[in-house]
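The block underneath contains the structure these notes are about, expressed in structure tokens.
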Amino acid sequence: MPFFTDAQERNKDAYSDITIVDNVILIKHFLTDTNNIHALRPNLFFIGTQIKLRNTVVYVFGEILKGKSGDGYYVSTKGATKSNLVTIPFLQLHGSVMYDGFYESNIDTPYILKDIYQHTIHVALTGMIEGKYPIRIYFTTRFSNTSLLKNITDLNLQYNSQTFLSSLQSNINKWNAQQLSRMQDLNNLEALIAAKQKELSGLQGWLGSPSLTQQLVEEKEREMVQSRHLNSPQNTVSNYKDSLISAKIDSISRVLTKSISGKRNRCDSLIHEIALLQQKYDYERSLAGTKRDSLVNVLTHTKDISQLTSTISSMNLPDSVVPRGYRNLLAIRSFGIGRSMVNYSELTVKNISINGIQVEYNPSYYLAFAAGTVDYRFRDFILNDNAPQQQYVSVVRFGRGMRDGNHLIATYYAGKKALYNYSTDTIGNPLQNPPNYNIMGVSLESRYQLSTTTYVIAEVAKSSLPYYNAQLDKVGLFASTFRFKDHSNEAYSVQLVSYLPKTFTKITAYYKHFGANFQSFSLFTTSSAQNAWYLKAEQPFFKKKLDITASVRKNDFTNPYIDQAFYTNTIFKSIQATLRIKKWPVISLGYYPSSQLTYLGNGQYIENLFYTLVGTTSYFYRYHSVMMNTIISYTQFYNKATDSNFVYFNTRNLLVSQAFFLPKFTLQFNLSAAQNSAYDLYTADGNIQYKIRRWLTMGGGLKYIKQTVIENRQVGYSVNTTVKIPGFGDIQLLAQKGFIPGVDKQLVENDIGRLIYYRTF
């Protein structure tokens, strides 16, 4: 009998039902714990489930062995050994590691810095615990030699239910394919159908053979000859010999006729049997496929975790396919430790990067928690303003329903938000006795599905008063939050999202009102009431060949660095159109608002807003055996020197780029012209990349620059190489001499060097 190793013995409940048919030995194993069963015994295949005492589900696995000796059949006792046993490690990790060393002799406007070094190390890991539970780990550290750029170190551990769903779906697909190919009943049915089809084919071949046709013709002719002979007038006297011959002919004819009739009846019977067997086979196969397809469909489309877990439970899948604890794992929408993005609602916490912990749990009810320090000014990872004030946030959300479906969720948030002159005290001296920047608030959010493609989200919120008003009224955070007679610290939001299937139209709209004293971690404005609205529509035309996206918004263009305490009637408009026709260039045209942030010193910034027009056409094509790509791009900035420090104010820029992709070479040539009211700038450059070996690529380029009015001509260059070292990784080196705008509209030399190391594993 087959034996189990020590590891297998822990998973074995019992086995019996040894069946021997046509040199094939089938052993059925009855298991109550199938954890890692396929890793321990990869030769086992799933047959089905049985319900035993106390509603215990028993999984039936089959094992097929072949063998024969002089005394008959035997079962091999070699089995699986520890030497060839496939084990799954506790933790499997794959990912990448990168080092990026960057040097720049001059930083582009609006900053004036020289000889900047910056080092970045990034590690991204994707892992599986026990081959079932997916995790992601990210580590990033960056440091430089300038105080302008902040040194950061982040570590993040993530779990996402969507990743687990994808893994679960993959396991079910593999399991289903394995069962369909190995399931004994289906195999037996398939073999029986094949045998009967073979018999039917033989009978049909015999009945339709030319020899049988010739034999029937001959018998017919003999009958005719015999009939003429017996009815002939000359044959009035019976001949004994002729009578014997006639009797023999009749006997042969009857036997042949009977044989043909029997075989035809057998054919009819076989056709009927095959039809019934095929119907049964198709039903069994479709039943298995339907179960799998229905589960995959639920895994892919359902947002109801209770429905999902119920469907999985009804399938009675083994532990090797559906791991333990899958109900809770599916209900965990996200989990993160370290640097995480928190995006909960419009009026509480939205798109905030925290360094702490966050988790969302949503089976049929909803529960979320997040807490950590926060770099509230999103560009802190670029700009180091040396703020001594630490900011932090904590959020608790609870409710019923699914977050992506109908729900009612209450939110409580609290923390410290240093938004008001956070580097000085109330009298403008360096920060010694900071004000009370603590805030708190509550909100109630509801989502209602109007139709399968349309839903609305409404939210109301109330917060504590700003510290300056709270001091005047002599109230604390809690008292000011729940002072219902005061409506200045309230906010309202309503959002509509709709998709019209008949016209393929997508519409997004929202309206928000913020009281003058409302505070949250989603809002930068203070000291004035604000109304903001946004409308966006996406519409395809001409069978989705032309896509147009347009939007308008008011009071929604905010920047966390800029004091925006005053009401504004500015309405921002944008439109984007993209035309895609098969075998034709892709054409896109966009008109949208842009901004430029300028650092003035002493923690002061200004932001200049202007519109930008961008038109691009791109064509990827083949000429003979050479692949090519042509790009033509036009850009125009609609700003003025009086309202912007942007060097190329009101500039029109045209770029033409041509690339050739050869087996060993990649060639690229660019021509550009930039025109503004001060001068014109023309550039021409070319670049070549040569793949010398599979592990070595080298390249370089030249750029010619001509500046009118000032009559300035410059020549720049670049060189680069990539070395792929097996078992070590890729190394990229880059050196470049370029030019950037400087003071008095002069071009300033800018040297760049870069070293990148990258490896995947």
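Just so you know, these numbers use all the heavy atoms, side chains as well, and skip hydrogens, waters and symmetry mates. As the structure is a computational prediction, the values presented were derived from the model and not from experiment.
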For the residue pair R754 and D100, establish whether any side-chain heavy-atom pair is separated by less than 4.5 Å.
yes
Kindly indicate whether the side chain of V349, heavy atoms from C-beta on, has any atom under 4.5 Å from the side chain of V393.
yes
For a quick check under 3.5 Å, do T578 and S588 share a side-chain donor-acceptor pair by atom type?
no
Verdict with reasoning, M698 to I692, per side-chain contact (heavy atoms from CB on, under 4.5 Å)
CA-CA 7 Å; M698 300 188 70; I692 302 174; 3.7 Å; yes
dist F335:CZ -> I135:CD1 (nearest 0.5 Å) comes out at 10.5 Å
Closest heavy-atom pair, A124 versus H122, reported as atoms and distance to 0.1 Å, is CB-NE2, 3.9 Å
Quick check: F728 with Y757 (ring centres under 6.0 Å apart)?
yes
Side chain to side chain donor-acceptor pair (under 3.5 Å) for Y679 and N712? Distances and angles first, verdict last.
CA-CA 11 Å; Y679 55 82; N712 188 6; over 6 Å; no
Student check: side-chain heavy atoms of V374 and S353 closer than 4.5 Å:
no
Side chain S522, main chain K350, donor-acceptor under 3.5 Å:
yes
When you compare the side chain of W584 with that of L579, does any pair of heavy atoms fall below 4.5 Å?
no
Give a yes or no on whether a salt bridge exists between R333 and D404, defined as a side-chain N under 4.0 angstrom from a carboxylate O.
yes
Could I get the full list of side-chain hydrogen bond (donor to acceptor under 3.5 Å, both in side chains) partners for Q539, not counting sequence neighbours?
T505
Would you say the side chain of Y591 lies within less than 4.5 Å of the side chain of Y638, judging by non-hydrogen atoms?
yes
Quiz question: by atom type and distance under 3.5 Å, do the side chains of T140 and D154 form a donor-acceptor pair?
no
Which value, rounded to the nearest 0.5 Å, describes the distance between Y99 atom OH and I121 atom CD1?
7.5 Å
Check: T697 main-chain N/O paired with T721 side-chain donor or acceptor under 3.5 Å
yes
pair H119-R142: side-chain heavy atoms closer than 4.5 Å
no
Side-chain donor-acceptor pair present, N362, E360, cut-off under 3.5 Å:
no
Take the angle between the ring planes of F660 and F669 and call it parallel below 30°, perpendicular above 60°, tilted in between.
perpendicular
Answer with yes or no whether the side chains of T549 and Q576 bring together a donor and an acceptor at under 3.5 Å.
no
K664 atom NZ, neighbour heavy-atom count above 12 within 6.0 Å
yes
To check you understand the geometry: which heavy-atom pair defines the closest contact between K416 and F521, and what is its length?
O-CE2, 4.0 Å
Show me the pairs that pass salt bridge (Lys or Arg N to Asp or Glu O under 4.0 Å) and involve residues 716-740, at least two apart or across chains.
K724-D730
Tell me if a side-chain donor or acceptor on R403 pairs with a main-chain N or O of Y344 at a distance below 3.5 Å.
yes
Give, for atom CE of M128 and atom CG of L91, the distance between the pair rounded to the nearest 0.5 Å.
10.5 Å
Y611 side chain to K573 main-chain N or O, any donor-acceptor pair under 3.5 Å?
yes
Sequence neighbours left out, what passes side-chain hydrogen bond (donor to acceptor under 3.5 Å, both in side chains) with D751? Give chain and number order.
none
With rounding to the nearest 0.5 angstrom, report the CD to CG distance, Q675 to L681.
10.5 Å
Do D685 and N670 pair up side chain to side chain, a donor and an acceptor below 3.5 Å, judged on atom types alone?
yes
Criterion side-chain contact (heavy atoms from CB on, under 4.5 Å) on L755 and I731, from CA distance to verdict
CA-CA 7 Å; L755 168 63; I731 298 177; 3.9 Å; yes
How many angstroms lie between CG in L655 and OG in S657, if you round to the nearest 0.5 Å?
6.0 Å
Give, for atom CG of N355 and atom CD1 of I337, the distance between the pair rounded to the nearest 0.5 Å.
11.5 Å
If I compare all heavy atoms of F761 with all of V97, which pair ends up nearest, and what's the gap?
CE2-N, 4.3 Å
Y592 versus S574, closest heavy-atom pair with distance
CB-CB, 3.7 Å
Scan side-chain atoms only and decide if Y159 and R136 contain a donor-acceptor pair under the 3.5 Å cut-off.
no
Exceeds 12 heavy-atom contacts within 6.0 angstrom, atom OH of Y717
no
Can you tell if the side chain of W695 reaches within under 4.5 Å of the side chain of V723, non-hydrogen atoms only?
yes
As a quick check of understanding, evaluate side-chain contact (heavy atoms from CB on, under 4.5 Å) for S618 and T630, giving each step before the final call.
CA-CA 6 Å; S618 177; T630 302; over 6 Å; no
Using the ring of each side chain (for Trp, its six-membered ring), is Y690 parallel, tilted or perpendicular to F665, with breaks at 30° and 60°?
parallel
Give me the atom names and distance for the closest heavy-atom approach of G372 to I354.
N-CD1, 4.4 Å
For N629 and Y619, work out which heavy atoms get closest and say how close.
OD1-O, 3.0 Å
Would a 4.5 Å heavy-atom cut-off, applied to side chains only, mark N151 and S144 as touching?
yes
Under 3.5 Å, is there a donor-acceptor pair between the side chain of N106 and the main chain of E749?
yes
Using side-chain contact (heavy atoms from CB on, under 4.5 Å), reason through R713 and Y704 one step at a time and then give a plain yes or no.
CA-CA 8 Å; R713 291 176 172 83; Y704 173 77; 3.1 Å; yes
